[in-house]
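To keep things clear, I will list the structure first and then write my remarks on it.
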Amino acid sequence: MSTVAVHDHGVVHHEEGHGHHHKETFISKYIFSMDHKMIAKQFLITGITMAFIAMTLSILFRIQLAYPDKSFPLMETLLGRFAPGGRLDPNFYLSLVTIHGTIMVFFVLTAGLSGTFSNLLIPLQVGARDMASPFMNMLSYWFFFLACVIMLSSFFIQKGPASGGWTVYPPLSALPKAMPGSEGGMTLWLISMICFVASSLMGGINYVSTVLNMRTKGMDLWKMPLTVWAFFLTAVLGVLSFPVLVAGVVLLIFDRSMGTSFYLSDIVLNGKVMPFEGGSPILFEHLFWFLGHPEVYIVIMPAMGISSEIMSVNSRKPIFGYHAMVYSLIGITVLSFIVWGHHMFVTGMNPFLGGVFMITTLIIAVPSAVKTFNWLATLWRGNIRFKPAMLFAIGMVSFFISGGLTGIFLGNAALDINLHDTYFVVAHFHLVMGSAAIFGMLAGVYHWFPKMFGRLMDEKLGYLHFWLTFIGAYLVFFPMHFMGLDGVPRRYYAFTEFESMKRWLSVNVFITWAAIMSGMAQVAFLYNFVTSIFWGKKTTQNPWQANTLEWTAPVEHFHGNWHGEIPTVYRWPYDYSKPGAEEDFILQTTPLSETMSSNLPSDFEDNPVGLEAHSKWVTANRPNEEVK
Amino acid sequence: MMAQLQEDKLNLAPKKFNMWIFIFTSFMFFAALTSGFIVYTGGKAHAINIILPQAFLYNTIVIALSSITFFIASRAAKSLEIGKQRLFLWITLFLGTLFFVGQIYAWGILIKMGVYFINPNASQSFIYVFTAMHLIHILAGLLLLSNTLYKSYRSIPQAKNLFNMQFSGIFWHFVDIIWIYLYVFLLLNQY
Ligand code: HEM
Ligand SMILES: [Cu+2]
């Protein structure tokens with residue numbers, strides 16, 4: 001109990017006197033920890049575990065797509081009744097697709113990505129001892145953990161996991177008798193998602209509050225690294241959009257278990273007319289996609305922030321257009337609330353309304369393009385260090401471009417009539433989310449691994465991992481565009497059953513083998529990750545010569561982050577290769593008075609006294625230089 | 001001034017801020033439900049098609065009163081009149097409970113009118129969803145208020161007491177306002 005009190009008031013404790021240590025038990029340190037750095041590691045390791053599970057699921061259904069008529073006795077050994085005779089059961093195939101999507105979107109790329117890096121970096125980069133409410137932060141992790149367990153437990157019930165797709169549209173999700181996955185599996189899916197939403201709301205509230213209230217002296221909003229901006233806006237998005245999903249899910253639960261008719265109408269099930277009347281499944285789509293679209297930006301914005309930071313550090317150049325980067329993040333945040341209709345162009349929506357959504361959707365390409373050009377301009381004539389983290393950040397940009405461009409095709413209502421629910425959509429979102437966001441996350445892992453574990457990851461394995469994954473992801477997802485253009489629909493069990501799609505079998509075989517190769521590459525990553533935690537080379541305090549605050553904190557972890565006072569911040573985080581400076585980086589904690597030779601008049605915007613000192617210094621020193 | 005310093009030390013300001021953000025979250029939830037209603041009635045031209053029972057009006061008055069009594073309690077807390085603070089907190093709690101019971105009573109009336117939750121006209125089911133989801137918030141509010149009241153009987157520092165009052169107050173006024181919003185929304189959509 002006493003530890004709880006002390007943690008809760010960490011600020012008081014640490015500022016009044018360090019030297020006074022409270023005992024940490026194994027449980028309070030590693031399990032129910034309230035230290036944001038430990039919680040970050042918990043999120044990361046759970047996220048990686050979930051990612052491997054979801055990846056295995058995808059390899060299973062890829063095998064089905066490549067060899068729909070072959071039987072694999074091993075499959076029956078492993079999966080039992082889900083693969084009778086060594087062939088995947090069609091209902092189980094749908095479950096695999098559903099759970100793969102759910103885990104990847106929510107558990108890996110929302111909780112795993114934001115949970116890890118917002119937790120690790122927000123307090124460390126704004127200069128705070130911990131989150132606004134460390135206790136809520138701990139709850140956030142444990143709700144997430146519970147959600148994971150419940151979601152996975154649905155594999156062990158008789159009828160198998162939910163199988164209506166990650167978007168759980170009614171009526172499939174609302175009628176327990178509709179298909180096997182709509183029974184217990186769907187119930188578990190809903191319970192798991194409620195825990196998940198509770199977790200991300202608790203996390204998000206903390207992130208927003210910490211950024212707004214707990215910045216150290218001198219850290220005004222325009223001195224925050226782009227990572228923190230991105231995490232902050234992501235949290236705002238989550239806090240505003242997840243409740244809408246809850247509203248949709250609440251109505252769905254009433255339809256499922258109480259017999260109301262919010263989403264259901266005119267249903268005939270197994271030849272029996274059901275009593276539901278007057279409901280509208282489109283209503284669910286509105287509520288779902290009002291979250292669903294912001295959700296895709298919840299997934300990509302942290303990856304954007306992470307890549308911006310890493311690309312600036314490893315180009316040894318200030319990020320190009322810092323303000324434009326922030327404003328485009330804000331633009332994306334605002335716009336992402338008014339584009340959800342582009343997922344519903346073919347639901348019979350009024351074409352005028354479709355036109356409105358089309359325009360807003362195409363406008364969101366503008367801030368996205370601004371960011372892209374700024375990344376490219378950051379690289380331009382940089383002094384690039386091709387660290388694994390840097391490669392992954394560049395890879396993120398590459399995938400964001402190739403996936404974002406197809407978004408513009410899909411955003412045109414008329415084109416979407418053809419493309420909707422085909423492999424073209426699958427290609428689009430796997431490039432932009434499945435690849436770009438994952439690359440952002442991996443970049444973050446390579447870059448902040450020393451901060452998390454005090455050791456360095458192996459670079460050679462990192463390069464291997466990068467190239468295999470980069471090439472593999474393009475080989476897997478690029479051909480899907482062509483399938484989609486030919487009208488091959490998503491979520492089908494066996495394309496050989498259709499005359500017009502038979503010819504795509506060879507492509508499916510190719511994709512499956514590319515997917516297996518990329519899967520193997522992840523094993524290299526896992527090996528690297530695990531062995532480096534225990535046996536990696538010990539890191540120095542600032543291994544990448546970066547400017548941000550987290551690298552001023554000691555390598556060893558303790559609750560409170562800094563011994564003594566929290567450092568004060570004097571400058572923005574991107575003073576790399578500043579002309580006149582002694583080194584090619586200047587920490588945010590270095591006062592301008594210590595860097596007279598590299599100061600510029602623009603460094604003293606709201607500081608007339610400083611500007612005067614600067615001009616004095618310049619007049620005093622310039623003549624000397626000319627003599628030299 | 002002292003209270004302010006104490007508050008900073010206990011890291012209370014960010015916690016209060018957390019409550020504000022939670023209120024935005026909750027607001028989005030109700031905004032989603034009411035937008036759902038609009039989409040639903042817009043699509044199929046269903047409407048509620050009844051006159052709402054008077055009980056909802058009385059309940060609205062009760063909850064509005066409870067906001068006022070809470071306000072008096074927090075004024076008392078600021079001027080260190082602990083006795084008055086406790087008294088008015090008790091009254092607020094009582095009114096809140098009365099509202100809770102009153103809403104359930106109103107459901108009874110609806111059922112007598114033949115307006116059921118399980119209903120082919122889901123706009124009538126929405127009445128139950130709005131009120132039930134709001135009652136969950138009322139329950140949370142009552143728990144927060146009880147906690148504040150309970151703590152005021154312990155000897156806690158004034159800063160902590162004021163914080164508890166503000167923390168539960170933000171929420172209590174919010175659930176009050178949300179109910180008025182829902183009630184007006186329902187009134188406007190009676191036909
Ligand atoms: C350049 C900006 C983007 C535009 C214009 C855009 C446009 C679209 C459109 C119109 C669709 C619907 C296609 C259909 O179902 O017929 C779609 C689907 C999708 N997009 Fe994007 N998108 C963009 C960026 C992104 C980003 C950054 C992500 C995620 C990181 C993303 C993730 C998704 C997902 C997951 C789906 C499919 C959802 C499903 O039906 O399962 N998109 N996009
Ligand atoms: Cu979208």
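Residues of residues 58-77 of chain B never come closer than 4.5 Å to chain A when only heavy atoms are counted.
Side chains of A:Asn119 and A:Asn137: a donor-acceptor N/O pair is present below 3.5 angstrom, by distance only. A:Tyr207 and A:Thr234 are not linked by any side-chain donor-acceptor pair at a separation below 3.5 angstrom, with hydrogens and angles left out of the test. Judged by distance alone, the side chains of B:Thr41 and B:Ser123 never bring a donor and an acceptor atom under 3.5 Å apart. No hydrogens or angles considered: a donor-acceptor pair under 3.5 Å links the side chains of A:His559 and A:Asp130. Looking only at atom types and distance, the side chain of B:Thr92 has no donor-acceptor partner in the side chain of B:Trp172 under 3.5 Å away.
Taking A:Phe254, A:Phe284, A:Phe276, A:Phe242 one by one and counting their heavy-atom pairs under 4.5 Å with chain B, the maximum is reached by A:Phe254. Of the listed residues (A:His286, A:Met136, A:Met258), the one with the most heavy-atom contacts under 4.5 Å to chain B is A:Met258. When each of B:Phe117, B:Phe22, B:Phe24 is checked for heavy-atom pairs under 4.5 Å with chain A, B:Phe117 comes out on top. Comparing A:Leu201, A:Asn206, A:Ile282, A:Leu251 by how many heavy-atom pairs each has under 4.5 Å with chain B, the most go to A:Leu251.
Of the residues listed (B:Phe30, B:Trp179, B:Phe27), the one engaging B:His137 in a ring pair (Phe, Tyr, Trp, His ring centres under 6.0 Å) is B:Phe30, and it is the only one.
Within the 4.5 angstrom heavy-atom criterion, no atom of A:Val236 approaches chain B. Using a 4.5 Å cut-off between heavy atoms, B:Phe126 contacts chain A through both its backbone and its side chain. If you measure heavy-atom distances from A:Met202 to chain B, you find no contacts under 4.5 Å at all. Contacts of B:Asn18 with chain A are made by both backbone and side-chain atoms, with heavy-atom separations under 4.5 Å. With a threshold of 4.5 angstrom between heavy atoms, A:Leu287 approaches chain B through side-chain atoms but not through N, CA, C or O.
Side-chain atoms of A:Asp255 come within 3.5 Å of backbone atoms of A:Tyr263 as a donor-acceptor pair (strictly under, hydrogens ignored).
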Q. Under the side-chain contact (heavy atoms from CB on, under 4.5 Å) criterion, do B:Ser125 and B:Ile118 qualify, and how do the steps go?
A. CA-CA 7 Å; B:Ser125 316; B:Ile118 296 163; over 6 Å; no
